[in-house]
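Let me begin by presenting the structure, written as structure tokens, before commenting on it.
So you know, we letter chains A, B, ... as the sequences are listed, proteins then strands, and number each from 1. As a basis for the values below, the full set of heavy atoms in this structure was taken, side chains included, without hydrogen atoms, waters or symmetry mates.
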Protein chains: 2
Amino acid sequence: MSIPDSPHAPRSLTDPLQALTEQERAELLTLQRLERRAKGEYLFRAGQPLERYYAVVEGCVRTYHLHDDEEFTLDFYTEGQTVLPAVAGKGIFAPSFAVCMEDCLLNVTDEQLEREVFARLPRLKDICQQQSEQLQLMHQQELAVQKSASPEQRYAHLLATRPSLFERVPQYQIASYLGIKPESLSRLRKRLQQN
Amino acid sequence: MSIPDSPHAPRSLTDPLQALTEQERAELLTLQRLERRAKGEYLFRAGQPLERYYAVVEGCVRTYHLHDDEEFTLDFYTEGQTVLPAVAGKGIFAPSFAVCMEDCLLNVTDEQLEREVFARLPRLKDICQQQSEQLQLMHQQELAVQKSASPEQRYAHLLATRPSLFERVPQYQIASYLGIKPESLSRLRKRLQQN
DNA sequence: TAGCCATCTTAACCAACGTCAATGAAAGCC
DNA sequence: GGCTTTCATTGACGTTGGTTAAGATGGCTA
């Protein structure tokens, strides 16, 4: 029995598709391309050209960054989230690695598909752009939190907003997401239990 | 004598206007709106609707975030940089404060002006969008550095890429940008001198 | 000039994280 | 079953940043 993530999770927004009619949504469904990826598969690696972008329909994707042979987890993406800001196209290169933590069902979009979708649903383009700007600002916010909160506060925040992550990914990767070592997360948890 | 910032500064990109013709650039100049702001003036405050966005032509703007009555500096914007990701419009609210560190000359764009500019220079829209996506990815990168580097490394990086900042803003704000207290920055500098 | 204010530095002490190493627990494999 | 591998925990110890408080410096103003 898994605790669902809070609707106030940092990445949850008003569903951008609400603005579409029933019919438009149905059409969108016929257009979208779904792909399965096995646990451990990479969606992209740092430095590669980004020709597609991905939304998680089912499963969990982790992005991370390498520095001195050490992994630094940037984010976890689960059901309904788009991996990275949805950015792809010529001259765009992946700034990080993205790997499936579980078997995943992904909604994949490339440049051509995007053009087709926007041609069929012109209103969607503006919606997506606004969505992207919102996400960008939320990212700013996240950076702010990252900077001003202690590891303990960040842990509490993650636990409150995305509890299900703790059942889906190993703790040492959560530690890396919080910006601390696994040993420190262990002690932090112990400290919190005692008080 | 001020040391110019490195061309490899985190926010420097290929000039998006290179792709325009001489003529188009000239037209752009006639369209843009410049405003002067005095040192200490705010461009926006957290929570306010963002109806304009700003590019720094001359001067320096600092964005920061409030948390428990304490300021956390998010970034410094100087000549040629756009304050925040260039985002404005209905339903967009400022996630932070933006204040002029010096008397500034700013390039101001609102929704209406943006429409006019894009109507005159249709190619610019795609260029700006691509630029925005690049910036978004660079932001991801920055978050990665923020997470994986020690304060000392971040200090060295800032000193290497944006040395002029150290002559333009007080050190306690740089400390706040690096995510440490002014006293710690003092000690850190002393440590580095001795080694 | 004296006084005030903002900024930077230094010192002492404490708390928290990193490192290294060892131990346990759980899962997967032969 | 026994083995290995992976992951979480614990302890000892060093380093570093936060806190508090005290000066030092320089600029500005009454």
Side-chain angles (χ1 to χ4, degrees), chain A residues 2 38-41 60 62 64-73 76 99-103 145-159 163-195, chain B residues 38-40 60 62 64-73 76 99-103 145-159 163-195:
Chain A
S2 135
K39 174 175 179 172
E41 273 190 66
C60 179
R62 176 175 73 106
Y64 67 90
H65 169 252
L66 270 188
H67 189 255
D68 295 339
D69 288 331
E70 200 174 345
E71 293 184 4
F72 293 86
T73 297
F76 300 99
V99 61
C100 297
M101 302 296 299
E102 314 168 345
D103 291 348
V145 170
Q146 193 72 229
K147 195 171 272 186
S148 58
S150 66
E152 186 170 321
Q153 288 173 316
R154 292 201 294 273
Y155 172 80
H157 182 252
L158 189 67
L159 197 57
S164 71
L165 278 187
F166 292 79
E167 304 165 16
R168 301 178 77 166
V169 305
Q171 247 168 52
Y172 73 91
Q173 288 180 358
I174 290 191
S176 142
Y177 174 74
L178 295 173
I180 57 180
K181 299 288 162 187
E183 296 93 330
S184 296
L185 179 53
S186 239
R187 280 180 304 213
L188 192 159
R189 284 158 56 84
K190 194 180 181 183
R191 225 166 38 224
L192 290 184
Q193 272 186 329
Q194 291 169 344
N195 312 349
Chain B
K39 174 174 178 172
C60 179
R62 177 176 72 106
Y64 68 89
H65 170 255
L66 271 188
H67 189 254
D68 294 341
D69 288 331
E70 200 174 345
E71 293 184 1
F72 293 86
T73 297
F76 299 99
V99 62
C100 296
M101 302 295 298
E102 313 167 347
D103 291 348
V145 170
Q146 192 72 230
K147 195 170 273 186
S148 58
S150 66
E152 186 171 320
Q153 289 172 315
R154 292 201 295 273
Y155 171 79
H157 183 252
L158 190 65
L159 197 57
S164 70
L165 277 188
F166 291 80
E167 305 164 15
R168 301 178 78 166
V169 305
Q171 248 170 53
Y172 73 90
Q173 288 181 359
I174 290 191
S176 143
Y177 174 74
L178 295 173
I180 58 179
K181 299 287 163 189
E183 297 91 332
S184 297
L185 179 53
S186 244
R187 278 183 305 209
L188 193 158
R189 284 159 58 84
K190 194 180 182 185
R191 238 179 8 238
L192 290 185
Q193 272 185 329
Q194 291 170 344
N195 311 348

Item to complete: Tell me what Pro182(A) touches on the nucleic acid: a base, only sugar-phosphate, or nothing, going by heavy atoms under 4.0 Å.
Response: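 Since no nucleic acid heavy atom lies under 4.0 Å of Pro182(A), the category is nothing.
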
Worksheet item: NA contact type, Arg187(A), heavy-atom cut-off 4.0 Å: base, sugar-phosphate, or nothing?
Response: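 Arg187(A): base contact, heavy atoms under 4.0 Å.
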
Worksheet item: Using a distance-only test with no angle check, is there a side-chain donor-acceptor pair under 3.5 angstrom linking Tyr155(B) and Arg189(B)?
Response: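 Indeed, the side chains of Tyr155(B) and Arg189(B) share at least one donor-acceptor pair under 3.5 Å.
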
Roughly, in whole Å, what's the span from [atom1] in [X] to [atom2] in [N]?
X	N	atom1	atom2	result
Gln173(A)	dT6(D)	CD	P	13 Å
Arg168(A)	dC7(D)	CZ	C1'	19 Å
Glu70(A)	dC17(C)	CD	C1'	13 Å
Leu185(A)	dG18(C)	CG	C1'	14 Å
Tyr172(B)	dC5(C)	OH	C1'	12 Å
Leu188(B)	dA11(C)	CG	P	16 Å
Lys39(B)	dA6(C)	NZ	C1'	11 Å
Lys181(B)	dG17(D)	NZ	C1'	10 Å

Out of [options], which has the shortest distance to the side chain of [X]?
X	options	value
Gln171(B)	dC17(C), dG18(D), dT9(C)	dT9(C)
Glu183(A)	dT10(D), dA11(C), dT9(C)	dT10(D)
Ile180(B)	dG17(D), dG18(C), dA16(C)	dG17(D)
Ser186(B)	dT9(C), dC8(C), dA8(D)	dT9(C)
Lys190(B)	dA11(C), dT9(D), dC17(C)	dA11(C)

Worksheet item: Considering the terminal five base pairs at each end of the helix from dT1(C)-dA30(D) to dC30(C)-dG1(D), what angle separates the two local helix axes, rounded to 10°?
Response: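 Inter-axis angle at the termini of the helix from dT1(C)-dA30(D) to dC30(C)-dG1(D): 30°.
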
Item to complete: Kindly compute the distance separating CG (Asp68(B)) from OG (Ser148(A)), expressed to the nearest 0.5 Å.
Response: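 Going from CG on Asp68(B) over to OG on Ser148(A), the span is 8.0 Å.
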
Worksheet item: How long is the gap from CD on Gln146(A) to NE2 on His65(B), to the nearest 0.5 Å?
Response: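 One gets 12.0 Å once the value is rounded to the nearest 0.5 Å.
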
Fill in: Side chains of Pro170(A) and Met101(A) in contact at under 4.5 Å (non-hydrogen atoms)
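They are in contact (side-chain heavy atoms under 4.5 Å apart), so the answer is yes.
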
Item to complete: Indicate yes or no for a side-chain donor-acceptor contact from Asp103(A) to the backbone of Ala38(A) under 3.5 Å, with no hydrogens or angles considered.
Response: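 Side chain of Asp103(A) to backbone of Ala38(A): no pair is present.
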
Fill in: Qualifying residues under side chain to side chain contact (heavy atoms under 4.5 Å, CB included), relative to Glu152(B), sequence neighbours excluded
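With sequence neighbours excluded, Glu152(B) shows a side chain to side chain contact (heavy atoms under 4.5 Å, CB included) to Ser150(B), Leu188(B), Arg191(B), Leu192(B), given in chain and number order.
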
Worksheet entry | Side-chain N,O (Arg191(B)) to OP1/OP2 (dG17(D)) below 4.0 Å |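 Indeed, a polar side-chain atom of Arg191(B) lies that close.
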
Practice prompt. For the pair His67(A) and Phe72(A), name the ring-plane relationship: parallel under 30°, tilted 30 to 60°, perpendicular over 60°.
Written response: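 His67(A) and Phe72(A): perpendicular rings.
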
